[in-house]
Amino acid sequence: MVRAGYCSAGFGYTLVIAEKPKAARKIAEALSDKPIACKLGGIPYWIVTWMGTRYVIVPAAGHLFGLTTDKHGFPVFEYYWAPLWAVDSSSAHTRRFLEAIKKLARHAVRFVNACDYDIEGSVIGYNILRALGVEKRALRAKFSALTRQDVRRAFSRLERLDWDMINAGLARHELDWLWGINISRALMESLRSVTGRSKVLSAGRVQSPTLVEAVSRTIKRNLFVPLPYFTVTATVELGGKARRLQVASFELRSEAQRVARQLRATGYLVVREYSEYVERIPPPYPFNLGDLQVEASRILGFSPYYTQKLAEELYLEGLISYPRTNSQKIPPTIDISAIVQALVRQTRYRELVEYLLRATRGVLRVNNGPKEDPAHPAIHPTGEPPHSGLSKNHLRLYDLIVRRFLASMAPPAVLVRARLILSAEGLGSASITGVRIVSPGWMQIYYWAKPSEEYIPRLYRGQRIQVKSVSVQTSYTQPPELHTKTSLVKWMESKGIGTEATRARIVELLFERGYLRSEGGRVQATELGLTVANILQTYFPDITSVELTRRFEELLEAIRMGKVSKDAVISEARRFLAGILSEFKVKSMHAVGMELAYSLGLLKPPRQCPICGRRAEGEYCSYHEAAIRKIVEAYHEWRRRTGITCREYLEKLAAMRSTGKWVREAAKYLLARNVCPKGLTA
DNA sequence: GCAAGGTC
C-alpha cells in the first residue's frame, strides 16, 4: 500500500493530473505496489515508477478555472478563463491545488491529463495544462474505471489530447455562460432601471425550466376547483375485524342513496372471487445518488441537498464510496465479501450480516440495477466503522446506506397477496386486498419496505358476508399535488437536466433567489417566482424549456464528432443572443422592470385587482380572472350533481381546503359582494 | 453579481 518515503522525484518525470485526491491515489496504487505518498502545501501527491518511467501524480479538485468577464452590462460576449479561487469566493481551497501543480510542473518533462474520461474531465485537465503552457505536448489517459487493469492499460497507451472532446466541453461552459449571464443581467438591469434597486436575479438552462415546472404546479394547485361525488360505503366483518369498503361511487347523490337502500335491504354481500397469489419481490438495487435522495426523503425526511451534503461528508470520512454517482451497479472489482466481513465487526450490524450469510449460504451477489455511470460504482459502505464524532443524522444516513447495500445481496421477499371481490346483486363490485409475509428476505434488513400485514381469511365463491352498516358519503376530487424538493429533483432527472452533483443544489438556489418557498414540505412559487417565470416565458422562452438542453447536447455531440467547430457553434449562439437581447433592451426593459417591482412590492400598480392588489389587466389580475372563469365553468357540473344554488356553491368553495387558493379567494370576494358572476346565475 | 459544472 501507500508508504511515506523520500519525496523528491528528481528531474525528468511525467506529471499526471488527476481530477481529485481520491482518484490520484487510486492511479498511484494501480501503477505501483508501493507508491510514495507526499504533500506539498497541504496537497497530497504520489510518486511511482512504472515500466521504468517515473510519474508524479497530483490531484486537482474538480475545476480549478472558471469563466469570468471584466465587462459590465448586457449584452456581454467577452469572457475568459481565470483561476477559480480568484473569481468564486466559495472555491478558495482550489488555490493551493493550483500552486502545488505549478511547483511540481517545473521539473516535469511530460504531462498527462488523467482526469475522468468525460467532457468535464477533459476541460479540467486542459485548463490546467494550458495554464502551465504545455497543452500542445500533453497526453491523455483514457480509463473508464479506476481499477488496476484499466489504469495500466490507459498508461501503456497514452494518446494525444482529444481536442474535439475538449472543445465540446469548452463550448458547454461558454454556452451556459452566455445564456445564463446575459439573461440574468437583463432581469437585474430591468429592475434597476425602474427602481434603482439592485437585487440578485438569475436565469439559466437548468434552473429556469425547473422554476417553470414548480410555478406551473403552483398555478394548477391554486386554480383547482373540486367536484363532488358520492360513495356507498359498507362495513363488514372479516376474520373478526371490521373493515370498511367502498362498494360504488356515483356522480349523483340520488343514485348513491338508491343503491345504499337496496344494500341495506339485502343485508349481505356475496363473495364473487377470492384469490391468493405468491409474490416474490427481488432485492433492491444498490443506491445511486438519486435513489438515495428519494429514500432519505421518504424514510428520514431529509431534503435532497441535505442528503447529498451528509453523504459527501461520509465519503470524506472514508465511510462510504463516492456519492455523486448515477450507477446502480457494484462491479466485480469491488471486494464485497471484504466489506461484509468488515461490517460484521460493527456490533450493530453483526446480526444482520449473520442473517445475510445464513440466508445466502455465504454466496454474495449484488442485484445490480440498469443505471450506469462511467466513473463510479453504486454507493456502498467501505466497511470502515463510523467514529464517535459523527452527528445523529450522519449515522442515520450511514445506516440507510449499509442496510440498502446488504439488502441488495439478500434473497427475495416472499409475500402472499389476497384479493377479495364482493358484490351485491345489480350493484357492481368492490375489491379489498390483504397481504401476509411468508419470508421477509431482504426486507428483514431494509425493514422500511416491509408492508404492514392485513390478513384476509380464506373465503369461498358464493359465500355471503353480512353487512353491518351502509352509508353514503360525499367525496371530492383531489387537487394536483405540489412538488416536494425531492420530486423536483426527480423531475429534473427525468428530463435529463442538471447532473447528479448539481440538481439538488440548483433547487436550493431557486429558494435562495426568493423564487420558491416551502410550506409544510411542499414547494410553492413566490410572487417573485411567478413573475420571473412569466417574464422568461414571454421574452426568453428558450431558456425555460428543457429543449435548450437537447439542442446543446446535439451541438456538443457534433463538435465531439468533429462535424462542426466550437467557434461556429459559439458565434451562432452569440448572434442569436445579440438579437433577442438588444430587442429586449430597446422594447421591454421598462415593462419588465415594472412587473418585477410590483412583485417585490416596490411599486404599486396603477390598477389593482380588487381581490389581491396585483396589477389588474381587466377587472381582476390574471390569476383571479382565471379563478373566476374556473368557478363559472365548474358550476354547471356542481348544479347537475347536487342541485346547489349559486350562493351555497360559493360558500362551499370558500370553505373547502382542497379548493385552490386563488379560487377560494375569488369565491370569498364574490360572496362578500353578494354577486354571482355572469353565467352562474341560472 | 449573474450559469452550470467539477470537488474540498
Side-chain angles (χ1 to χ4, degrees), chain A residues 17-24 42-44 59-76 79 81 84-85 87-98 100 115-116 118-128 168-192 197-211 308-309 311-313 315-317 322-325 375-376 492 497-507 509-510 512-513 532 540 543 548-549 552-553 556 573 577 581:
Chain A
I17 314 286
E19 188 153 319
K20 50 185 172 279
K22 280 251 156 73
I43 305 303
H63 285 290
L64 300 185
F65 293 84
L67 286 173
T68 190
T69 185
D70 299 327
K71 304 280 184 217
H72 295 280
F74 81 98
V76 54
Y79 48 78
W81 289 96
L84 208 54
W85 61 263
V87 295
D88 176 7
S89 59
S90 69
S91 300
H93 63 278
T94 60
R95 185 173 192 167
R96 297 215 294 193
F97 282 85
L98 197 54
C115 295
D116 296 351
D118 53 32
I119 75 173
E120 292 302 328
S122 295
V123 171
I124 291 168
Y126 166 75
N127 276 329
I128 293 166
L170 294 173
R172 205 280 302 150
H173 281 263
E174 294 176 39
L175 288 170
D176 276 330
W177 192 92
L178 286 166
W179 280 84
I181 300 294
N182 275 297
I183 297 177
S184 298
R185 286 185 176 184
L187 292 173
M188 287 186 279
E189 281 194 38
S190 299
L191 177 66
R192 193 161 51 228
R197 293 275 282 262
S198 293
K199 177 168 174 57
V200 175
L201 298 170
S202 63
R205 173 179 57 84
V206 179
Q207 65 170 267
S208 296
T210 308
L211 171 65
Q308 182 172 338
K309 208 175 120 277
E312 276 162 11
E313 284 157 5
Y315 162 67
L316 292 175
E317 296 289 339
Y322 186 82
R324 289 182 292 254
T325 174
H376 306 283
M492 296 167 81
I497 61 173
T499 67
E500 292 290 327
T502 59
R503 285 180 204 120
R505 203 160 70 193
I506 286 173
V507 168
L509 181 74
L510 294 170
E512 228 170 83
R513 292 275 177 273
V532 168
F540 305 106
I543 207 161
L548 189 63
T549 294
F552 277 22
E553 282 168 351
L556 300 190
L577 285 168
L581 290 162

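Convention: sequence-line order gives letters A, B, ...; per-chain numbering from 1.
Taking only side-chain nitrogens and oxygens, A:Arg513 comes nearer than 4.0 Å to OP1 or OP2 of B:dA3. A:Thr502 has no side-chain polar atom (N or O) that falls below the 4.0 Å cut-off from OP1 or OP2 of B:dA4. Contact check, A:Tyr322 against B:dT7: a side-chain N or O comes under 4.0 Å of OP1 or OP2. A sub-4.0 Å separation between OP1 or OP2 of B:dA3 and a side-chain N or O of A:Ser184 is absent. Using a 4.0 Å cut-off, some side-chain N or O of A:Arg324 falls inside it from OP1 or OP2 of B:dT7.
The line from CG of A:Leu316 to CD of A:Glu313 is 7.5 Å long, rounded to the nearest 0.5 Å. Residue A:Ile43 holds its CD1 atom at 12.5 Å from CZ of A:Arg95, rounded to the nearest 0.5 Å. Between atom CG of residue A:Leu556 and atom CG of residue A:Leu170 there is a gap of 10.5 Å, rounded to the nearest 0.5 Å.
Counting non-hydrogen atoms under 4.0 angstrom, A:Ala60 reaches nothing in the nucleic acid. Looking at heavy-atom distances under 4.0 Å, A:Ile183 makes no contact with the nucleic acid at all. Using a 4.0 Å heavy-atom distance criterion, A:Gly498 is classed as a sugar-phosphate-only contact. Within 4.0 Å of A:Ile119, counting heavy atoms only, lies no atom of the nucleic acid at all.
Taking atom CD1 of residue A:Ile128 and atom C1' of nucleotide B:dG6, one finds them 11 Å apart after rounding to whole Å. If you measure from atom CZ of A:Phe552 to atom P of B:dA3, you get 14 Å, rounded to the nearest angstrom. Following rounding to the nearest Å, A:Ile17 (CD1) and B:dG6 (C1') show an atom-to-atom distance of 15 Å. A:Asn182 places its CG atom 12 Å from the P atom of B:dA3, with the value rounded to the nearest Å. Rounded to an integer number of Å, the gap from A:Glu313 CD to B:dT7 P is 16 Å. Atom CG in A:Leu577 sits roughly 15 Å away from atom P in B:dA3 (whole-Å rounding). Rounded to whole Å, atom C1' of B:dG6 lies 12 Å from atom CD of A:Gln308. Between the P atom of B:dT7 and the CG atom of A:Asn127 lies a distance of 15 Å, rounded to the nearest Å.
Looking at A:Arg172 and A:Arg205, their side chains come closer than 4.5 Å, going by heavy atoms from C-beta outward. Considering only heavy atoms from C-beta on, A:Ile181 stays 4.5 Å or farther from A:Thr69 through its side chain.
Side chain of A:Lys20, nearest nucleotide from B:dG5, B:dC8, B:dG1: B:dC8. In the set B:dT7, B:dA3, B:dG6, the nucleotide with an atom closest to the side chain of A:Thr499 is B:dG6. Proximity note for A:Leu84 (side chain, C-beta onward) versus B:dC2, B:dG5, B:dT7: the nearest is B:dG5. Here the nucleotide nearest the side chain of A:Gln207, chosen from B:dA4, B:dC2, B:dG6, is B:dA4. For A:His93, the listed nucleotide lying nearest its side chain is B:dC8; candidates were B:dC8, B:dG1, B:dG6. Nearest to the side chain of A:His63, among B:dA4, B:dG5, B:dT7, sits B:dG5. Relative to the side chain of A:Trp177, the nucleotides B:dA3, B:dA4, B:dG6 differ in distance, and B:dA3 lies closest. Ranking B:dG5, B:dA3, B:dG1 by closeness to the A:Arg205 side chain, first place goes to B:dG5.
Between the side chain of A:Arg185 and the base of B:dG1, at least one donor-acceptor pair of N or O atoms lies under 3.5 Å.
Where A:Arg505 and A:Ser208 meet DNA chain B, the nucleotide closest to each residue was compared, and A:Ser208 sits on the side nearer the 5' end. Summary of the strand contacts: A:Glu174 and A:Glu312 both lie near DNA chain B, and taking for each the nucleotide with the nearest heavy atom, the more 5' one is attributed to A:Glu174.
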Step-by-step ring-ring contact (aromatic ring centres under 6.0 Å, His included) determination, A:Trp177 to A:Tyr79:
CA-CA 9 Å; A:Trp177 192 92; A:Tyr79 48 78; 5.1 Å; yes

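Although no hydrogens or angles enter the test, the distance criterion places no donor-acceptor pair under 3.5 Å between the side chain of A:Arg513 and the main chain of A:Leu201.
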